[in-house]
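Inspection log for the structure reproduced underneath, given as C-alpha cells.
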Amino acid sequence: MINAENTVRECAKQAVGALYGDGGALPELQVAKTRKEFAGDYTLVTFPLLKLSRKSPEQTATEIGEWMREHCGETIGDFNVIKGFLNLSLTPKFWLGCLGDLMQTPNYGFVCDSGKSVMVEYSSPNTNKPLHLGHIRNNLLGYSVSKILEANGCNVLKANLVNDRGIHICKSMLAWLRFGGGETPESSGMKGDHLVGKYYVAFDQAYKAEIRQLMERGLDEEQAKREAPIMKEAQEMLRRWEAKDPEVYGLWERMNSWVYAGFDETYRAMGVSFDKVYYESNTYLLGKELVQKGLEQGVFFRKEDGSVWADLTGDGLDQKLLLRGDGTSVYMTQDLGTAVQRREEYNLDKMIYVVGNEQNYHFQVLKLILGKLGFGWADGIYHLSYGMVELPEGKMKSREGTVVDADDLIAEMIETARTVAVEAGKLDGLSDEEIAEISRMVGLGALKYFILKVDPKKTMLFDPRESIDFNGNTGPFIQYTYARIKSLQRRGAGAGDTAAAASAGAQFDEGRVPEPKEIELIKLLAEFAGVVRQAGEEFSPAVVAAYAYDLAKEFNQYYHDYPILKEGVSEADRQFRLSLASQVADTLGRAMGLLGIEMPERM
RNA sequence: GGUCCCGUAGCUCAGUUGGAUAGAGCAACAGAUUUCUAAUCUGUCGGUCACAGGUUCGAGCCCUGUCGGGAUCACCA
C-alpha cells in the first residue's frame, strides 16, 4: 500500500493486458510522478504502447484510464489525458491508508538484513600532516555511504588504511630531531597531528634552503635535489626504519602516536568512526606471493632487470609495474595483497574504496588484474571516486598556504552557528551546555550538508561564505524544520495526548478529504524507501540530501498555510496534521542520519 | 599523444536513466510577522542545456565530431 507508484503500475499492467494483451510479453510500463503543472498523482506514458493498441495516443490513454477507474476504483479516483500522457489521481482513501501504513512502519525505508557484507574503506590519511578540507569530503562520504548501505540491509565494516610509513614520515621525524628541541604535544599544547605537520613543513623549508645553496655553487636543480644532505639523511632514515633500527623505530612509534591522538580528536569532532584500522607498515609487504603466482600462471611477465609487470595493453591500458628489479613491492602490489586478504578474512560481497578521482586509473588496473588472476569477486570492487574540493581562489596548495585545515574549519562553523543563533535570540534561556550542543549540531550540519549535497563524482567548489549560510538549501534549514515540528509535538503534548497523536493516530476519519499539500507530503514520505535504495545503488548521499530538502521545503509551505495547534482548529484536523508533521520529522531525522547529521530538538 | 571525467541561469547545484512549457538555492528587487519558532513563506528578474551533426513519435540525457576545463598514463603512495 505504501508504494503508490507500484500500485499504479500494477493496475496499469492489468489494464494494458486486458485491453491489448495477446498473451505475449508486455513492454515495460513507464510510470512517473505527475509534473506539478498538471492535475494528477502519477502519469502513464502511452507512446510505447501505441504499437500494441493501434490507436491514437489520446484514445489509448483514455481507454486505459477508464479501465483502471472501473477495475481499481479503490485506488484510482480520476484521470485526465493530455496528448499521450495519462494522468491518474489516487483516491483520498488510498492516501490516508498510505499515511496510516507509514505510521505503523517505524523504520520505513530501512531494510533489515540483505545478507550482504561490505567493507567501506575511507579516510586513509598520511601521518605526516593534519587533515584538511579534502579529507573532510572523503570522511563524510565514507561515513554516509556506510550508513546508507546499512540502511539497505548490508553488514558494513568501516575500514581505515593509515599510511604510516615512507619517506614523508621520515622527513617529519628528521626535522623534529634537528629543530624540535624535544617539543611534545604536552609541552607545546599543540595537537599532535599539527605538531608533526609543523615539522614536515620545517623539513621542506630546510630542504629548499639547501637546494638554493647547492645551485649557487653551480649544480643544476635536479642535481641539487638529489644531493641535498637533508634529503639523503631522510632516505637513510627510511632504510634504518625498514631494518627496524630501535632508535628510529622508537621515534617513529612515538611521533605516530601523537598523530593518532590528533586524528582521533578530529574524527570525533566530525562524528565518523571505524570498525577496523589497518596500517601500511603491516600491509606493505603483502601481495608479493600473489605476484609470484601470477608469474607462474603466465598472467604477468618479467623484464631483463628482474622487474615484474602486467601487460594491460590488450585492455587499452599500459604496462603496470608490480615488483621492482630489486624485488621490492609498490603501491599496486600492496593493494592487490590487501584486497585478497580482506576477501578471505571477511568473505565480503563488496569492497568500496572511497578515494579521490586522481586514482581512477589505479583502481581500474586493480580490478582488471584481480580479474586476470581469476578472482571472480573482483566485480564486487567499487571505487567511489570523488572530485576535488576547490576554493574560490582555485585549488588548495600547501605551498601557498591555501589549505583549509579540518580542525579550524569545524571550529569556525560551530562558532558561526553560535554567533548567529545568539544574535537572533534563538537560544535565550538555555544553559551554556545546551547552547554549545546546539551550535555544534548546527555548525556541523551546515558543513556536512554543504559537502554531501553535491554529487560525489563532481569537482565541487567550497565557498566559505556560502557554506556558512543557514538559509535556503542548507543543513540548518532542514534541522530547523525538524526543530519546529518537535516544538509542535511538545506543545501538543501539553494539550494532553502525545501518545495518541504519535502512535494511535493511524485511524483517521474515513471520509476525510486531504488537502493537495497533504497528499503531496504523504507522497513524498512514501518515496523515502525508494530514495534509500537508489542512494545505496549509486553510493550517493546527494540523493538523500536532495530528498530531505524537498521534504523540508514542502512541509514548510504546508506549515505556513495550515494551522495545527492554533485556536479554531478542529480536533480531527489537529490530530491528523500533528500525525503528518510527526511523520515528516521522523523521516527527516532518519534521512539526515544517513548523512551523519544530527538533529536538534530546538534551535 | 593515449585513456577517463566534466561543461545546465551572474554564482553554487538538481534534473527520477529517452517524456509534457529545463528546476532549486544564493545574489538583486518587491512583499508577508500581535510567530503553532521569520534560520520561514510569497512574488519578480534571470536559459542557444559549450558547439555542430546524427538516432526517433520525442534528446539536457544516447551516438559521432569539434571546442573548453580537469585528472591520469612513475622502479611515489
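The structure presented is a predicted model; accordingly, all values stated were derived computationally and were not measured. Protein chains get the first letters and strands the later ones, always in sequence-line order, with residue 1 at the start of each.
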Determine the contact category for [X]: base if any of its heavy atoms lies under 4.0 Å from a base atom, sugar-phosphate if only primed atoms, P, OP1 or OP2 are that close, otherwise nothing.
X       : result
I564(A) : base
A542(A) : nothing
K320(A) : nothing

Just the rounded figure in Å: distance from [atom2] of [N] to [atom1] of [X].
X       : N      : atom1 : atom2 : value
K458(A) : G7(B)  : NZ    : C1'   : 9 Å
Q364(A) : A71(B) : CD    : C1'   : 13 Å
R226(A) : C76(B) : CZ    : P     : 14 Å

Subject >> Side-chain N,O (K395(A)) to OP1/OP2 (A71(B)) below 4.0 Å >> reply: yes

Going by the rule side chain to side chain donor-acceptor pair (under 3.5 Å), which residues pair with [X] if we only count those two or more places apart in sequence or in a different chain?
X       : result
E412(A) : none
E537(A) : none
N80(A)  : N87(A)
Q534(A) : E538(A)

Subject >> Cation over ring face, R577(A) and Y562(A), 6.0 Å, 45° >> reply: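 Negative - R577(A) is either too far from the ring of Y562(A) or too far off its axis.
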
**OP:** Using distance alone, with no hydrogens and no angle criterion, decide if Y331(A) and Q359(A) have a side-chain donor and acceptor under 3.5 Å apart.
**Re:** yes

Listing time: all N or O pairs from protein to nucleotides 61-65 of chain B that are below 3.5 Å?
none

Expressed as a whole number of Å, how far does the [atom1] atom of [N] sit from that of [M]?
N      : M      : atom1 : value
A24(B) : A14(B) : C1'   : 7 Å
U56(B) : U66(B) : C1'   : 24 Å
G19(B) : C62(B) : C1'   : 14 Å
G65(B) : A28(B) : P     : 45 Å

Can you tabulate the close N/O pairs, meaning under 3.5 Å, that link protein atoms to atoms of nucleotides 25-30 of chain B?
from   : atom 1 : to      : atom 2 : distance (Å)
G25(B) : OP1    : K553(A) : NZ     : 3.3
G25(B) : O2'    : N473(A) : N      : 3.4

**OP:** Spell out protein contact along nucleotides 17-22 of chain B as letters: B when the base is contacted, S when just the sugar-phosphate is, - when no protein heavy atom is under 4.0 Å; keep the 5' to 3' order.
**Re:** B-BBS-

Original post:
If you measure from the ring centre of Y559(A) to the centre of the six-membered ring in the base of C36(B), is it under 5.5 Å, with the planes under 30° apart?
Top reply: yes

Original post:
Who are the salt bridge (Lys or Arg N to Asp or Glu O under 4.0 Å) partners of K553(A), not counting sequence neighbours?
Top reply: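 Salt bridge (Lys or Arg N to Asp or Glu O under 4.0 Å) check on K553(A) returns nothing, list empty.
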
**OP:** Dump the intermediate steps for side-chain contact (heavy atoms from CB on, under 4.5 Å) on E415(A) and V420(A), then the final yes or no.
**Re:** CA-CA 9 Å; E415(A) 180 51 28; V420(A) 170; over 6 Å; no

Subject >> Minimum-distance nucleotide to V454(A) side chain [options: U40(B), C4(B), A14(B)] >> reply: A14(B)

Original post:
Please, what dot-bracket string fits RNA chain B when only Watson-Crick and G-U pairs with both distances under 3.5 Å count, crossing ones use [ ] and pairs to another strand use |?
Top reply: (((((((..((((.....[...)))).(((((.......))))).....(((((..]....))))))))))))....

**OP:** If the glycosidic angle is within 90 degrees of 0 it's syn, otherwise anti, so just tell me which one U17(B) is.
**Re:**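 The base of U17(B) is oriented syn (glycosidic angle within 90° of 0).
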
Subject >> Whether over 12 other heavy atoms sit under 6.0 Å from K457(A) NZ >> reply: no

Original post:
Can you list every pair that meets ring pair (Phe, Tyr, Trp, His ring centres under 6.0 Å) and has a residue in residues 28-53 of chain A, with sequence neighbours left out?
Top reply: F47(A)-F85(A)

Original post:
Can you list every salt bridge (Lys or Arg N to Asp or Glu O under 4.0 Å) pair that touches residues 436-451 of chain A, not counting sequence neighbours?
Top reply: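 Residue pairs passing salt bridge (Lys or Arg N to Asp or Glu O under 4.0 Å), neighbours aside: E437(A)-R440(A), R440(A)-E598(A).
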
Donor-acceptor pairs under 3.5 Å, side chain of residues 458-467 of chain A to any protein atom, not counting sequence neighbours: which ones?
from    : atom 1 : to      : atom 2 : distance (Å)
D463(A) : OD1    : R465(A) : N      : 3.1
S467(A) : OG     : P464(A) : O      : 2.9

